[in-house]
Amino acid sequence: MRIVMKFGGTSVGSVAALQNVVDIVIKHRQQGHEVLVVVSAMSGVTNLLLDSAHQAEKGNEAISRQARQQIAEKHAAATLHFLGNTPQQAEVMAEINAMLDEFTALCHGIRVLGELTPRALDVIGGLGERMNVPQVTAILNHADVAAQAVSATELIVTDNRFGSAVPLVEETAEKSQAKLNPILAAQQVPVITGFIGATADGITTTLGRGGSDYSATIIGRAIKADEVWIWTDVNGVMTTDPRIVPEAHPIAHLSYAEISELSFFGAKVLHAQAIRPARRDNIPVRILNTFEPDHPGTLITAEAKESNRTVKAITAIKNMSLISVQGSGMVGIPGVAGRVFTAGMVGIPGVAGRVFTAVGRSHASVLMISQASSEQSICFVVSMADAAKVVEALNHELIRELERRDIEPISVEQEVVVLAIVGADMQGRPFWQLWGRTCRGGLA
Ligand code: ADP
Ligand code: ASP
Ligand code: MG
């Protein structure tokens with residue numbers, strides 16, 4: 001089988017974890033599989049890099065100096081452990097130090113200009129993966145696994161939406177196959193940077209926080225992998241966030257549709273977009289534990305397997321705001337109650353359409369929407385960070401209706417949590433039945 005294996009931040013974040021990575025790669029190669037490795041930055045590194053960039057914009061350079069030292073020490077400790085005091089270790093550290101020089105220069109430029117552009121933020125954010133790839137490659141080579149470092153900027157072509165770039169499928173397939181097939185044919189393991197890609201002009205982009213999962217499935221689809229394995233620090237997708245509910249337990253099987261809901265509604269174990277490339281080509285995805293490699297984890301495929309649990313999992317997204325637009329002027333014209341969000345269907349011409357056009361102009365994404373059946377109110381949820389600009393856009397759009405009191409002042413509940421209850425055969429079941437099953441302890 002051709003398997004893309006992605007190792008997350010904690011899976012490459014310590015000497016013990018890196019030893020498990022080596023053992024896992026060796027074991028599956030010995031079983032005859034073709035293995036491609038996608039790596040995240042060592043745990044904590046991306047946060048240090050991004051915080052430094054934000055601080056530099058505010059004129060603070062001390063933070064980036066401290067971050068540089070911490071990152072260098074982390075890599076030096078790992079390379080020294082595996083490679084010892086050897087020319088290979090010195091070579092890897094020289095590469096890492098050259099990238100840290102780039103980091104220092106970028107932070108300096110940001111501080112001088114007093115401006116941090118999304119494009120610069122992506123260059124800085126992606127440095128953690130770029131530093132980790134030569135390290136993991138050297139460690140594998142040292143363990144007699146022939147490995148070759150590959151930058152995903154040579155594989156994944158994206159648009160220029162910095163911070164959450166969208167991959168271009170055909171260009172990515174062409175480049176990935178041209179670069180990776182010869183490496184695989186030479187029996188080598190490509191070690192690829194997660195998280196980053198590049199525009200057609202070669203400018204570095206990132207795929208959003210946690211984006212190395214997405215890198216793995218994008219590359220898996222591009223090179224027609226048989227499976228994609230996401231190695232992380234828990235025994236698969238759990239019934240809920242194990243950091244909040246310690247009794248949560250792993251789910252053996254999920255469908256693409258189920259994981260798609262779970263990751264969209266905040267299950268951090270998989271990037272929200274990551275399942276899409278696998279789903280398009282029906283590639284099975286496994287979520288596995290680097291620290292317990294023999295645990296079967298979670299298998300994700302197209303079909304929803306029979307289960308005695310209607311509700312499979314619960315997620316929570318914090319730091320959201322609930323915005324309500326309401327008023328007597330919004331009452332529907334007779335005969336259309338219950339049909340929602342079509343411009344022109346409510347009392348004020350096109351009010352629902354105008355509300356969402358205004359939200360769209362503010363570039364905020366809406367997580368969920370509801371409308372009272374009386375049609376007197378529309379409520380929707382956006383992230384807390386976006387709430388103020390959404391309200392401003394609505395006040396601007398609805399200025400006349402607000403003045404005439406057809407619409408009441410826009411109300412905002414600043415801090416709400418969105419809970420999502422997910423399961424393939426929930427549809428059509430009454431809420432009391434689902435709630436009963438959930439509360440009787442079926443989940444935890
Ligand atoms: P990685 O660095 O390997 O990508 P992440 O921290 O991004 O790992 O994702 C794994 C973490 O996701 C787990 O340690 C766990 O705390 C958290 N998590 C949240 N919800 C879930 C869930 N439903 N199932 C499993 N893990 C979850
Ligand atoms: N290192 C990146 C992040 O922390 C990508 C990843 O780990 O998946 O967001
Ligand atoms: Mg992750």
Side-chain angles (χ1 to χ4, degrees), residues 5-14 17 20-21 24 38-51 71 74 121-122 124-133 152 156 163-165 192-197 204-219 228-252 254 258-275 285-292 295 297-298 300 311-318 419-423 443-444:
M5 297 192 183
K6 174 258 172 176
F7 294 93
T10 38
S11 302
V12 288
S14 65
N20 289 357
V21 171
I24 288 166
V38 173
V39 292
S40 290
M42 294 182 87
S43 53
V45 169
T46 310
N47 285 346
L48 285 171
L49 294 166
L50 297 177
D51 285 352
I71 295 169
K74 225 172 154 63
L121 194 62
D122 272 5
I124 293 179
L127 282 169
E129 276 69 14
R130 283 177 52 209
M131 287 187 269
N132 201 20
V133 156
I156 300 179
S164 54
I192 307 164
T193 48
F195 192 36
I196 60 173
T204 301
T205 53
T206 64
L207 302 168
R209 292 306 307 270
S212 301
D213 301 329
Y214 198 14
S215 310
T217 54
I218 293 168
I219 292 165
V228 175
W229 295 4
I230 306 288
W231 290 94
T232 183
D233 55 5
V234 283
N235 283 333
V237 181
M238 320 270 274
T239 45
T240 190
D241 187 341
R243 277 184 256 194
I244 302 175
V245 183
E247 299 86 353
H249 57 79
I251 306 166
L254 284 171
E258 286 169 329
I259 189 69
S260 171
E261 289 290 302
L262 282 170
S263 55
F264 179 80
F265 283 109
K268 191 181 169 238
V269 65
L270 195 71
H271 180 280
Q273 306 293 328
I275 206 61
V285 174
R286 291 177 199 273
I287 312 289
L288 299 162
N289 190 350
T290 307
F291 304 91
E292 218 180 305
H295 191 284
T298 301
I300 303 166
V311 173
K312 293 254 182 79
I314 295 182
T315 64
I317 312 188
K318 292 193 223 164
L419 292 178
I421 304 173
V422 175
L443 272 180

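Just so you know, ligand 1 is whichever comes first in the structure, and atom 1 is the first atom listed for that ligand. These numbers were taken from a predicted model, which means no experiment stands behind them.
- For the atom pair M131 CE and L49 CG, the distance stands at 5.0 Å (nearest 0.5 Å).
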Which atom pairs, donor and acceptor, lie under 3.5 Å between side-chain atoms of residues 231-238 and protein residues at least two apart or in another chain?
unit_1: D233; atom_1: OD2; unit_2: T10; atom_2: OG1; d: 3.2
unit_1: N235; atom_1: OD1; unit_2: N289; atom_2: ND2; d: 2.9
unit_1: N235; atom_1: ND2; unit_2: E292; atom_2: OE1; d: 3.2

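- Close approach to V237 involves these atoms of ligand 1, each under 4.0 Å from a residue heavy atom: 24 (N).
- Separation of atoms NZ (K6) and CD1 (I219) is listed at 12.0 Å; rounding is to 0.5 Å.
- Comparing I251, D233, N235 against atom 13 (C) of ligand 1, the shortest heavy-atom distance belongs to D233.
- Rounded to the nearest 0.5 angstrom, N47 CG and R209 CZ are separated by 4.5 Å.
- Within the 4.0 Å heavy-atom shell around ligand 1 one does not find A248.
- Between T232 and ligand 1, at least one pair of N/O atoms sits closer than 3.5 Å.
- With atom 11 (C) of ligand 1 as the reference point, the heavy atom nearest to it among R243, K268, H249 is part of R243.
- Applying the ring-ring contact (aromatic ring centres under 6.0 Å, His included) rule to F195 yields no partners; only residues at least two apart in sequence or on another chain are considered.
- Summary of contacts: the protein heavy atom closest to atom 12 (O) of ligand 1 is V269 N, 3.6 Å.
- Given atom 18 (N) of ligand 1, the protein heavy atom at minimum distance is D241 OD1, 3.8 Å.
- Looking at heavy atoms from C-beta onward, T193 lies in side-chain contact with R130 at the 4.5 angstrom threshold.
- Side-chain contact between I71 and K74 is absent, with no heavy atoms from C-beta onward closer than 4.5 Å.
- The distance from atom CD of Q273 to atom CZ of F264, rounded to the nearest 0.5 Å, is 9.0 Å.
- Under the 3.5 Å distance criterion, the side-chain polar atoms of T240 are left unmatched by any main-chain donor or acceptor of A248.
- Residue K6 places a heavy atom less than 4.0 Å from ligand 1.
- For the atom pair Y214 OH and S164 OG, the distance stands at 9.5 Å (nearest 0.5 Å).
- Every side chain to side chain contact (heavy atoms under 4.5 Å, CB included) that T315 has, sequence neighbours left out, goes to L262, F265, A267, A420.
- The distance criterion of under 3.5 Å between nitrogen or oxygen atoms is not met by T239 with respect to ligand 1.
- Residue-level contacts of ligand 2 at the 4.0 Å heavy-atom threshold are S40, T46, E129, F195, R209, G210, G211, S212.
- The shortest N/O to N/O separation between M238 and ligand 1 falls below 3.5 Å.
- For the 3.5 Å distance criterion, the side chains of D122 and T206 qualify, holding a donor opposite an acceptor.
- For the pair G210 and ligand 1, no heavy-atom separation below 4.0 Å is found.
- Interface of G236 with ligand 1, defined as ligand atoms under 4.0 Å from a residue heavy atom, comprises 25 (C).
- At a 3.5 angstrom cut-off on N or O pairs, G9 counts as close to ligand 1.
- At a 4.0 Å heavy-atom cut-off, ligand 1 touches T240 through the backbone alone.
- Scanning all heavy atoms of the two residues, the minimum distance from L419 to A316 falls at CD2-CB, 3.7 Å.
- Here the protein heavy atom with the shortest distance to atom 27 (C) of ligand 1 is P242 CD, 3.6 Å.
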